[in-house]
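Worksheet: the structure to be examined is printed underneath.
Source: prediction; values computed, not measured. Protein chains get the first letters and strands the later ones, always in sequence-line order, with residue 1 at the start of each.
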Amino acid sequence: MESPVVRFKDVSYAYEQKNVLTKINFSIPKGSFMGLIGPNGGGKTTLIKLLLGLINPDEGSIDLLDQPRDKFKEWNKIGFVSQKANSFNKGFPATVFEVVSMGLTAKVGYLKFLTKAHKEKILSTIDQVGMLDYAYQNIGNLSGGQQQRVFIARSLVNNPELLILDEPTVGVDYENVQRFYELLNRLNTDYGITLLLVTHDTGTMTEHATDIACINTRLHFHGKPEEYNNLTDRDLSKLYGHPVNLVTHDH
Amino acid sequence: MLADFFEYEFLRHTFLTGLLIGVIAPLLGTFIVVRRLSLLADALSHVTLAGIAFGLFLDKKFAVGITPLYGGMAFSVVGSILIEKLRGVYQAYQEIAIPIILSGGVGLSLIFISLADGFNTELFNYLFGSVSAVSKQDFLSIAGIAIFIVLIITLFYKELVTLSFDEEHATVSGIHAKRIHLLFIVLTALVIAASIRIVGVLLVSALMTLPVAASMRLARGFKQMMFLSIVFGELAVIIGLISGYYLSIPPGGTIVMVSIAILLLSIVLKRLTWKPRKVREA
Ligand SMILES: Nc1ncnc2c1ncn2[C@@H]1O[C@H](COP(=O)(O)OP(=O)(O)O)[C@@H](O)[C@H]1O
Ligand SMILES: [Mg+2]
């Protein structure tokens with residue numbers, strides 16, 4: 001079997017005194033579409049910050065693409081669309097083209113300029129997420145769903161192996177959420193990009209993901225969507241530590 | 001009407017210096033506005049004043065001739081580094097660094113001013129700007145600073161924009177956010193020190209932010225906003241300098257009033273051309 005893209009080994013993390021993650025063991029298989037679910041405050045964003053090297057684990061270790069995270073250098077192979085992307089500064093007058101070009105900044109490197117080839121790549125990536133008609137519009141004038149596509153393009157422009165999205169569909173209406181998932185499925189199956197999608201919208205998630213992990217301080221479940229759907233409400237309440245209707249959505 | 005500016009050498013230096021700061025002040029100002037750091041410019045201009053007062057004090061008491069421009073620049077750059085350090089100390093309350101540095105600058109200025117036995121006209125010129133204060137040496141120094149700033153901004157443009165738009169994303173993608181930010185803030189300090197001869201301590205931040213506020217309403221994209229800000233900045237400087245000279249008003253005042261007029265015009269223009277248009281969902 002191919003080695004996983006991400007591997008957490010006995011990872012624990014606390015903010016000051018508060019344990020947020022305890023002894024997390026889990027891995028993301030290459031080519032999978034992993035849905036990470038759990039209640040608000042369950043530690044999902046913290047797990048991603050650990051993965052991205054924004055914070056360091058108190059215990060345990062993290063491997064990225066077969067290297068220890070602390071030695072990992074190929075950050076452009078990991079794309080990240082933040083939870084905050086939908087609450088960014090709307091007044092910032094950057095065009096879609098400019099925002100997507102920012103994805104290349106680190107890769108191109110200091111003291112170098114974007115070439116014609118880079119610019120073509122930027123436009124084809126904008127096309128890939130279906131936003132070519134808006135390439136020279138200010139990002140602030142777009143809808144929430146359109147902005148998320150642009151932020152995905154900003155990561156995609158680097159040809160990442162892993163794309164991480166933290167609650168990207170918050171504030172996007174139901175129909176556009178469906179189209180958003182179609183885009184993600186296409187990236188996963190046609191382009192072979194491994195996806196890690198954080199959400200607390202379990203309903204839609206189980207329809208699209210290939211793997212599900214459920215986190216509430218501890219890893220409570222890790223398996224296939226079918227297995228997750230077969231869990232009874234009682235199992236789920238036990239996993240979450242409180243009644244599940246707080247976290248599932250009905251559509 | 002422009003004739004005097006070409007005839008008298010001191011006016012020519014003022015005019016050329018004005019053209020230079022009309023470029024660099026809005027250029028840096030673009031980043032300052034989008035990062036919501038307008039107050040930073042104010043804090044640094046007051047620290048610059050302390051440096052200038054220090055220079056005047058040395059000159060008066062010990063006849064040590066350091067150019068006030070260099071005194072101001074040195075204080076401003078040190079002040080900018082201190083702000084960064086303070087922001088690191090007060091992680092959760094980063095904006096507190098700004099009033100600390102601002103009041104420190106004013107306090108130090110007062111001390112040096114009174115040690116130098118009070119106000120003089122030269123200091124008044126630094127507060128509100130002056131058309132007659134620019135020497136040939138000042139002009140050459142400011143030209144050097146301007147070239148340096150345009151060069152650095154060009155070389156680090158993509159990093160500066162990326163960082164200003166989304167600091168977290170920039171950091172994750174491997175950009176050295178701290179170093180780029182320090183570079184940016186030191187450049188800001190240099191621009192402020194260079195601009196103070198003409199617009200004055202109290203109004204320098206206006207020349208950095210008002211043209212940007214105006215162009216923000218009209219531009220499509222960041223680059224366009226940057227160029228439009230420079231156009232507005234130049235307009236304000238040229239009209240402000242000439243009218244200030246003929247009306248015997250410190251140019252700081254006239255430049256800022258022209259900037260405000262441009263800002264109001266841009267707001268009106270936007271109202272007139274703006275048609276409600278429903279954004280289609282993709
Ligand atoms: N910077 C922080 N400092 C202190 N506590 C934090 C910080 N960020 C998150 N927390 C706490 O850690 C817990 C997990 O947060 P988070 O990882 O954001 O959860 P999720 O993304 O699953 O909603 C929450 O209880 C939250 O209050
Ligand atoms: Mg979260």
Side-chain angles (χ1 to χ4, degrees), chain A residues 49 52-54 73-76 78-82 84-85 88-89 91-99 101-114 129-131 133-134 136-139 141-146 148-151 154-155 158 164 172-173 175-176 179-180 183, chain B residues 30-38 91-92 151-177 179-180 183 212-229 266 270 274-282:
Chain A
K49 284 189 184 163
L52 292 170
L54 291 170
K73 289 267 161 22
E74 305 160 291
W75 287 106
N76 57 41
I78 298 184
F80 172 49
V81 178
S82 158
K84 278 184 275 176
F88 81 111
N89 174 7
F92 195 110
T95 61
V96 167
F97 185 93
E98 284 178 319
V99 172
S101 77
M102 293 176 200
L104 287 173
T105 301
K107 194 180 192 176
V108 172
Y110 291 112
L111 307 181
K112 295 205 188 81
F113 298 96
L114 294 181
V129 298
M131 289 298 293
D133 288 347
Y134 300 86
Y136 300 102
Q137 296 279 334
N138 276 345
I139 179 130
N141 296 338
L142 304 179
S143 70
Q146 291 173 324
Q148 281 303 352
R149 285 165 182 266
V150 176
F151 290 122
R154 179 178 63 175
S155 293
N158 283 308
I164 301 169
V172 178
D173 60 74
E175 189 193 335
N176 284 299
R179 301 173 72 171
F180 190 77
L183 170 66
Chain B
T30 320
F31 294 104
I32 289 180
V33 170
V34 295
R35 303 193 66 178
R36 303 170 197 273
L37 289 174
S38 305
Q91 288 283 351
L151 186 76
I152 298 290
I153 297 271
T154 311
L155 288 176
F156 290 95
Y157 176 80
K158 65 182 190 314
E159 283 81 9
L160 285 165
V161 176
T162 305
L163 190 63
S164 305
F165 182 71
D166 186 342
E167 184 155 351
E168 187 180 54
H169 177 265
T171 311
V172 169
S173 68
I175 292 169
H176 297 94
R179 281 180 231 173
I180 296 292
L183 179 73
V212 182
S215 65
M216 199 171 217
R217 310 211 38 101
L218 305 173
R220 198 182 269 190
F222 191 83
K223 237 180 203 155
Q224 213 181 69
M225 173 169 92
M226 190 172 242
F227 285 115
L228 204 56
S229 306
S266 78
K270 177 92 178 181
W274 187 80
K275 294 180 200 70
R277 184 169 42 124
K278 211 168 166 277
V279 175
R280 218 160 20 97
E281 270 286 349

For B:Tyr157, is the OH atom crowded, meaning more than 12 foreign heavy atoms sit under 6.0 Å from it? yes
Between the side chain of A:Glu98 and the main-chain N/O of B:Phe222, is any donor-acceptor distance below 3.5 Å? yes
Checking heavy atoms, do the side chain of A:Val96, its backbone, both or neither come under 4.5 Å from chain B? neither
Would you compute the distance between atom OG1 of A:Thr95 and atom CE of B:Met225 and round it to the nearest 0.5 angstrom? 12.0 Å
If you take all heavy atoms of B:Gly221 and A:Asn138, which pair is closest and at what distance? N-OD1, 2.8 Å
Given side chains that start at C-beta, do those of B:His176 and A:Tyr110 come closer than 4.5 Å, heavy atoms only? yes
Minimum-distance pair of heavy atoms, taken over all atoms of B:Ile175 and A:Ala106: CG1-CB, 4.0 Å
Enter the distance from A:Tyr136:OH to B:Gln224:CD here, rounded to the nearest 0.5 Å. 12.5 Å
Leading residue by heavy atom contact count with chain B [cutoff under 4.5 Å; candidates A:Ala94, A:Gly79, A:Gly103, A:Ser101]: A:Ala94
So, the side chain of B:Lys158 versus the backbone of A:Gly109: is there a donor-acceptor pair under 3.5 Å, distance only? yes
Go through the atoms of A:Leu54 and report whether side chain, backbone, both or neither lie under 4.5 Å from a heavy atom of chain B. side chain
Exceeds 12 heavy-atom contacts within 6.0 angstrom, atom NZ of A:Lys107: yes
Residues two or more places apart in sequence or in another chain: which of them pass side chain to side chain donor-acceptor pair (under 3.5 Å) with A:Ser155? none
Check the angle between the aromatic planes of B:Phe165 and A:Phe92 and answer parallel, tilted or perpendicular using the 30° and 60° thresholds. perpendicular
Taking only residues two or more places apart in sequence, or in another chain, which ones meet B:Ser229 in a side chain to side chain donor-acceptor pair (under 3.5 Å)? B:Ser215
So for B:Leu163, is it side chain, backbone, both, or neither that comes closer than 4.5 Å to the heavy atoms of chain A? neither
Rounded to the nearest 0.5 Å, the NE2 atom of B:His169 sits from the CE atom of A:Met102 at a distance of 9.5 Å
